[in-house]
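As structure tokens, the structure follows; a few thoughts come after it.
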Amino acid sequence: MKINTILFLFLACLAINLVAQVPQGKLLSTWNDNSLPSSSAHDNRYNEVWGVVQNGREYAIIGTTWGTHFIDVTDPNNAVEVDRVKGATVGPSVVHRDYHDYNGYLYAVCDEGSASTLQIFDLSSLPDSATLVYDSFELIRRSHNIFIDTTTALLYGAISYGPFIVLDISEPTNPKKVA
């Protein structure tokens, strides 16, 4: 009898915990561009999202098989693409892009293609445009993930098929390899 009571209490706690994990929220907006190619690996067009606030407005940065899309979501009922910039590698081979921002700049990488680069965008002109100010494979050719420690101005990159890289981005458009 004691085991049945303990089992009942355990299952009751588990059920309460599962109910607490149901996501709560309301879909406010969607953005879709059916002209973008799907990836050959997963049939996906979209592969990353990053959020930034610039000049008092909110933006969703969307990675796709084509490149980077800047969506103004300040009014979530009226999301609008304000700019798009082609990636160094585009098309069905692209499965993953990654983004991080620092001091008004957006850093972008792609994990596919021999021509992939580190791209840096100046966001100061949003909502009119996002200006590509750096586009080079000298430091990063392919990377699955990047992270920026904003307290030290260091960008950490998980390089595909290579070593981990650390970049000093204290001069945001002039990254320098640290390790």
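All values below were derived from every heavy atom in this structure, side-chain atoms included, with hydrogens, water molecules and symmetry-related copies excluded.
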I need the D75 CG to R57 CZ distance, nearest 0.5 Å. 8.5 Å

Flag side-chain contact, heavy atom, 4.5 Å: P175 against D168: no

Has Y99 got a side-chain atom pairing as donor or acceptor with I146's backbone, closer than 3.5 angstrom? no

Has T117 got a side-chain atom pairing as donor or acceptor with F137's backbone, closer than 3.5 angstrom? no

Residue pairs, two or more places apart or on separate chains, that pass ring-ring contact (aromatic ring centres under 6.0 Å, His included) and touch residues 70-95: F70-F121

Is it possible for you to say whether F164 and I140 belong to one hydrophobic cluster, with membership spreading through side-chain heavy-atom contacts below 4.5 Å? no

Do L118 and L167 have side-chain heavy atoms sitting under 4.5 Å apart? yes

For L36, is there any backbone N or O sitting under 3.5 Å from a side-chain donor or acceptor partner on R45? yes

Spacing of D101 atom CG and I148 atom CD1 [to the nearest 0.5 Å]: 7.0 Å

Partners passing side-chain hydrogen bond (donor to acceptor under 3.5 Å, both in side chains) against T74 (at least two apart in sequence or in another chain): D72

R142 backbone acceptor or donor facing S116 side chain under 3.5 Å: no

Calculate, to the nearest 0.5 Å, the distance between atoms OG1 and CD1 belonging to T131 and I120 respectively. 13.0 Å

Salt bridge present between R97 and E112 (N-O < 4.0 angstrom): no

Working to the nearest 0.5 angstrom, can you tell me the gap between D111 CG and D98 CG? 9.5 Å

Side-chain heavy atoms of V82 within contact of L126, under 4.5 Å: yes

Note: I61 and V52 closest approach over all heavy atoms is CD1-CG2, 4.1 Å

Donor-acceptor pair between N32 and Y46 side chains, under 3.5 angstrom: yes

Indicate the atoms forming the closest heavy-atom contact of S39 with V94, along with that distance. CB-O, 3.4 Å

Checking N55 side chain against S124 main chain: does a donor-acceptor pair fall under 3.5 Å? yes

Any donor-acceptor pair under 3.5 Å linking the side chain of T173 with the backbone of V133? no

Heavy-atom closest pair (V73 atom, A79 atom, distance to 0.1 Å) is CG1-CB, 4.1 Å

Below 4.5 Å, heavy atoms only, C-beta onward: do I71 and H69 meet side chain to side chain? yes

Classify the ring geometry of H100 against F147: parallel below 30°, tilted from 30° to 60°, perpendicular beyond 60°. perpendicular

I want to check something: taking the side chain as every heavy atom from C-beta on, are D33 and W66 in contact at a cut-off of under 4.5 Å? no

When you look at Y102 and L155, which way does the side chain to side chain contact (heavy atoms under 4.5 Å, CB included) test go after all the steps? CA-CA 9 Å; Y102 176 71; L155 181 149; over 6 Å; no

For L139 and Y134: C-alpha separation, side-chain torsions, deciding distance, then whether side chain to side chain contact (heavy atoms under 4.5 Å, CB included) applies. CA-CA 11 Å; L139 297 171; Y134 181 94; 3.7 Å; yes

Ignoring hydrogens and angles, tell me if any N or O in the side chain of T65 forms a donor-acceptor pair with the backbone of S38 under 3.5 Å. no

My understanding is that only residues two or more places apart in sequence, or in another chain, count here; which of them pass ring pair (Phe, Tyr, Trp, His ring centres under 6.0 Å) with H96? H144

Should the heavy atoms of other residues, nucleotides or ligands under 6.0 Å from NZ of K176 be counted, would the total exceed 12? yes

Can you confirm whether H42 sits close enough to V95 that some side-chain heavy atom of one is under 4.5 Å from a side-chain heavy atom of the other? yes

Compare every heavy atom of S143 with every heavy atom of A158, then report the nearest pair and how far apart it is. O-OG, 2.9 Å

Indicate, with yes or no, if I169 and V109 share a hydrophobic cluster defined by side-chain heavy-atom contacts under 4.5 Å among Ile, Leu, Val, Met, Phe, Trp and Tyr. yes

Is I165 close to K177 at the side-chain level, that is, under 4.5 Å between some pair of heavy atoms? yes

Which pair of non-hydrogen atoms, one from A60 and one from V49, has the smallest distance, and what is that distance? CB-CG2, 4.4 Å

When hydrophobic residues are tied together by side-chain contacts of less than 4.5 Å, even through go-betweens, does I62 share a cluster with Y59? no

I want to check something: taking the side chain as every heavy atom from C-beta on, are D122 and Y105 in contact at a cut-off of under 4.5 Å? yes

With side chain to side chain contact (heavy atoms under 4.5 Å, CB included) as the criterion, how do W31 and S29 come out once you've worked through the C-alpha distance, each side chain's angles and the decisive distance to 0.1 Å? CA-CA 7 Å; W31 176 81; S29 185; over 6 Å; no

What one should report as the nearest heavy-atom pair of A130 and L123 is CB-CD2, 4.2 Å

Same cluster (ILVMFWY, side-chain, under 4.5 Å), W50 and V80: yes

